[in-house]
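Counting convention: from 1, in listed order, for ligands and their atoms alike. Below, each value reflects all heavy atoms present in this structure, side chains not excepted, and no hydrogens, waters or symmetry copies.
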Amino acid sequence: MAQNMYDDLGEILLDAAAIEKRVKELGQEIAKAYEGKELVVVGILKGAVVFYADLIRALPIPLTLDFMAISSYGAATSSSGVVRINKDLDRDIVGKHVLLVEDIIDTGLTLSYLRETLLARGAASLGICALLDKAARRKTDIQGDYIGFTIPDAFVVGYGLDYNEKYRNLPDIGVLKPSIYQD
Ligand code: IMP
Ligand code: MG
């Protein structure tokens with residue numbers, strides 16, 4: 001990994017200004033949809049934290065925050081979409097309108113599992129907001145209700161997204177150079 005993280009990027013896909021503009025638009029759209037409802041915004045750790053922090057400040061309506069941390073059960077079983085919950089919600093969500101906030105929808109298996117799990121706990125509704133959508137890679141019928149950008153099938157980092165836990169703090173979203181994978 002280079003000292004300057006930008007040296008590891010082949011290109012910048014979305015710069016901070018474009019992201020900021022889109023997050024504000026999403027905030028307006030979501031605020032309209034949830035006005036007058038009891039909203040719990042659930043962030044999926046760690047990838048969503050940067051997006052989440054910006055999104056909640058773009059929502060001019062009352063809401064509460066909660067978080068989940070999850071990991072997949074490993075390569076052998078990842079196609080099942082079963083994930084391990086490493087940190088669960090602090091409060092119960094019975095009768096609440098839940099908005100799940102994720103960094104990216106890739107195969108869709110993670111969100112599909114979380115949607116079923118949280119609906120089974122009695123949420124009044126379960127919405128999905130993801131900053132990025134790699135629609136071409138979907139393996140389930142899951143669709144985001146609020147999507148920032150649909151992107152091509154490339155491995156991206158920054159604005160919360162990582163490669164081996166690095167690059168999450170980049171303000172822009174970029175495509176990693178292939179040479180970084182080969183190291
Ligand atoms: P899914 O269950 O395949 O939809 O998995 C989504 C998760 O995969 C995201 O929360 C990310 O952690 C990770 N992921 C998928 N694509 C990328 C990428 O291009 N960069 C970084 N993380 C990614
Ligand atoms: Mg993630």
Looking at [Y] and [X], is there a salt bridge between them, counting it only when a charged N and a carboxylate O are closer than 4.0 Å?
| X | Y | value |
| --- | --- | --- |
| K32 | E29 | no |
| D7 | K177 | no |
| D103 | R168 | no |

Find all atoms of ligand 1 within a distance of less than 4.0 Å from any non-hydrogen atom belonging to [X], and give their numbers and elements.
| X | result |
| --- | --- |
| L161 | 20 (N), 21 (C), 22 (N) |
| E102 | 10 (O) |
| D162 | 21 (C) |
| K134 | 16 (N), 17 (C), 18 (C), 19 (O) |
| T110 | 1 (P), 2 (O), 5 (O) |

Heavy atoms only, cut-off 4.0 Å: how does [X] contact ligand 1, side chain, backbone, both, or neither?
| X | result |
| --- | --- |
| K139 | neither |
| D106 | both |
| R137 | neither |

Legend entry - Geometric N/O contact V157 with ligand 1, under 3.5 angstrom: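 No - when backbone and side-chain N and O of V157 are compared with those of ligand 1, no distance drops under 3.5 Å.
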Inset, instruction - Going by the side chain to side chain contact (heavy atoms under 4.5 Å, CB included) test, name the single residue among D133, L109, D106, T107 that passes it with R138. - result: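 When D133, L109, D106, T107 are each tested with R138, the side chain to side chain contact (heavy atoms under 4.5 Å, CB included) holds only for D133.
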Inset, instruction - Can you spot which of D145, L119, L114 makes a side chain to side chain contact (heavy atoms under 4.5 Å, CB included) with L126? - result: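 Looking at D145, L119, L114, the match for L126 under the side chain to side chain contact (heavy atoms under 4.5 Å, CB included) is L119.
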Inset, instruction - Anything under 30° is parallel, anything over 60° is perpendicular, the rest tilted; go ahead and classify Y34 against Y146. - result: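 The rings of Y34 and Y146 sit tilted, inter-plane angle from 30° to 60°.
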Legend entry - Donor-acceptor pair between Y163 and D8 side chains, under 3.5 angstrom: no
Legend entry - Sub-4.0 Å heavy-atom approach of G108 to ligand 1: yes
Legend entry - Proximity flag A154 to ligand 1, non-hydrogen atoms under 4.0 Å: yes
Legend entry - Backbone N/O of V42 and side chain of D66: donor-acceptor pair under 3.5 Å: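 Such a contact is absent between D66 side chain and V42 backbone.
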Inset, instruction - Please work out which of F155, Y113, Y163, Y167 has its closest non-hydrogen atom nearest to atom 18 (C) of ligand 1. - result: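 Nearest option to atom 18 (C) of ligand 1, by heavy atoms: F155.
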